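Report on the following structure.
Everything quoted here is computed from the prediction, not taken from an experiment. Naming: A, B, ... by sequence-line order, numbering from 1 per chain.
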Amino acid sequence: MDLLSDLNPQQREAVTASPGPVLVLAGPGSGKTRVLIYRLAYLVQELQIPAGEILALTFTNKAAREMEGRALSLLERSPSTGGPRLGTFHSTFARILRIEADRLPFTRDFVIFDDADQLALVRQALKELNQDPKQVQPRRVLASISRAKNELIEPQAFSSDTYFTEITRRVYERYQQYLRTNNALDFDDLLLLPIRLFHEHPGTLETYRRRYPHLLVDEFQDTNTAQYTLLRMLAGADPDLFVVADPDQSIYRWRGADYRNVQLLRKDYSNLVTILLEQNYRSTQTILDAAMAVIDRQPDRQRKQLFTERGSGARILVHEAYDQDEEAQFVVEKISMFTLSGEAEPGDCAIMYRTNAQSRAIEEAFLRAGLPYRLVGAQRFYGRKEVKDLIAYMRLIHNPADQVSLMRAIRTPPRGIGDKTLEALRVAADQAEATPVDILLSLGRGEEVAGIPARSRASLSRFGALLDGWIEIKDQVVLESLIDRVLEQLEYRAYLGDAEDRWANVMELRGVAQEFSELGLVEFLQQVALVSDQDTLTENLNAPTLLTLHAAKGLEFPIVFIVGLDEGELPHFRSQDDPEAMAEERRLFYVGLTRAQDRVILLRAFRRRARGVSTLTDPSRFLDDLPADRLEGDLIGVRTPAQDEYFRETRWQSRVPVPTQARYQAGMHVTHPQFGEGVVLEAQLGYDDEEVTVNFEEVGIKHLVASMAGLQIEDP
DNA sequence: ATCACAATACTTTTT
DNA sequence: GTATTGTGAT
């Protein structure tokens, strides 16, 4: 089969593993996404599995789209001929929720509340509970609620042992009520409600199991508890499940991702086939050595030996700039030099940073130099005021129950409706046992409503009439015509005045809507909520790309700049007190390094401005971990060669040897320094260690990681 | 009562 | 530099 001729033996082994649970543990640049795509093609072409029975889950829309394109071209099919189902966890289950809406406490017209909407709900709830947002930070409350939801904890079961958790519990209760009355779901609901649905309706679960007997998952290390639960539900006891993962690239712990799901998977499927991919096709050996030196400082981790046939390549350049402006200037100049010398094109370069705020200095440097750049994510397109305004109008037209959108829409552009008028509207709605929108629509039709002061009535009924008109035509005209009409009647362009760029954003959104002309308003709104505009900006512009380290995952560039290698920036100061969070910062740096094919340039600024004030910084601790003999530039004297040697020695020596063979067997007698004597009940060889279950005479049954436990085998 | 403008406070990463 | 809140003018 010529499909497999492009693959190396390891990759081929993975792709052709017989159906069943398969885990591919892959290093960066080892072609793991490629393996996933070929697996899909292999299932269809070689094993004659109907493509429609395959469900592939990813974490970003971009990954899903890319996979779809590549898989279809491998299969020589067009998207129309019933391809596999590819999508993100969120979009896939949102789709299922719409289909199954009848059994759930919302209608299929539900809207998805994004981060800003969720925060608005929390703020409102806090306000109603008379809480000072300075004392109880809405952001933290939301994070806490989200965590609870991910762990399937209901408001009633939410522990309230401190003042903060008690407030959170009350906010959580209201928050859920608001979602319900707004006919809205948040991101967590998109995963939780399917779990509940499947739980309560096993028949429904069975239907989906039968529909998708073949499951593929990309970036498995990023699954959270809810996602893993769903995956297991869909997979059942004996699934054809194919997942690819790299625990070293796990960078989403803060949103609930748990790379230990990799270990869990091993526990849950005893027949799991594990395949390692360590050969790297992306980077030079120098880059890999640096990356390994960084990640190997991490304790409790299986060491991967990344290797490449690409040769050693250029050293890594490390530069200390005076401040962030000079840092940015250095980047621009360096790129100009690469371009002039013909070593690279502008589009080959990427500039990565820890926080979105850091992009500004770099953007300014490019603007000063009059050079173009591509910005990924960042001050999100969908986060812009004018874009959110228009989306709010669309959501309101689609789902009049959405009060968050109503509140936004009714105030912009200003139309003489302020706090007092809104309060009157709310009171009138309560009295009439109707929603505010119902009242508005009645007013719009010229009906009398009790409790609305004459003063406010004119502006309210004018707005109500507009809304009524839009709702009436929403299903009769195509999406972009609806948008045109809304913009026109709002005189939105005049409202924006001479802010041409903002109008351009509105038009760009209209352009997106045009693509959804056929699919309609529902799909458009879902897309808008779930897409993280990772790629909304010009694709084929030959210019450097600016992006966060998080956004960089899964990408590769010939030349990578990582800026802001200062303590407090990378690692970020918010991660300082938590070893797990600090470990994640390290992985983030590792991800950045391993994006590079040919060259890495690392930068730091001696002085950095943060919210107006300029402070001195220390070099990032991660710089110390880089092997000096792989570096060049002006910041390598941070540690003496002797120290460097010492660090490297200890680093290698502190490793626990990897078991290649099972050392323990059921029935063996062992002794443990703490637990004393016992008998092995079960031993399992994992990827990074051997896990043993021992029944100790003194303390009973314990699960142990063999290398850590210091178990001694007693001769029988 | 509403709105524009000024003062104030806050910034990790994203589906 | 930006979201949110506060204040004064209309």
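- Stacking of the aromatic ring of F59(A) onto the base of dT15(B) is not found under the criterion of centres within 5.5 Å and planes under 30°.
- Whole-Å rounding puts the R411(A) CZ to dT2(B) P distance at 10 Å.
- Position along DNA chain B of the nearest nucleotide to R574(A) versus H90(A) favours R574(A) as the more 5'-ward residue.
- Geometrically, R85(A) does not engage Y212(A) in a cation-pi contact, judged by NZ or CZ lying under 6.0 Å from the ring centre and within 45° of the ring axis.
- Atom-to-atom, CZ of F573(A) to P of dT11(B) comes out at 9 Å; the value is rounded to the nearest Å.
- Computed from coordinates, the L119(A) CG to dA3(C) P distance equals 12 Å when rounded to whole Å.
- Taking the six-membered ring where tryptophan is involved, the planes of Y228(A) and F220(A) are perpendicular, since the angle between them exceeds 60° and thus also 30°.
- For N356(A) and dC10(B), the CG to P distance is 20 Å, given to the nearest whole Å.
- OP1 and OP2 of dT15(B) both lie 4.0 Å or more from every side-chain N or O belonging to S91(A).
- Spacing between atom CG of N61(A) and atom C1' of dT14(B) amounts to 12 Å, rounded to whole angstrom units.
- In this structure, R255(A) is positioned above the aromatic face of Y252(A), its NZ or CZ under 6.0 Å from the six-membered ring centre and within 45° of the axis.
- Here dT4(C) is the nucleotide among dT4(C), dT15(B), dT13(B) with the atom lying nearest to any side-chain atom of R123(A).
- Between dT14(B), dG1(C), dT13(B), one nucleotide has an atom nearer to the side chain of R139(A) than all others, and that is dT14(B).
- The interatomic distance linking K553(A) (NZ) with dT15(B) (P) rounds to 11 Å, in whole Å.
- Rounded to a whole Å, the CD atom of E584(A) is 12 Å from the C1' atom of dT14(B).
- Separating the CD atom of E569(A) from the C1' atom of dT11(B) is a distance of 11 Å, rounded to the nearest angstrom.
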- Verdict with reasoning, F59(A) to H90(A), per ring-ring contact (aromatic ring centres under 6.0 Å, His included): CA-CA 8 Å; F59(A) 280 83; H90(A) 286 90; 8.2 Å; no
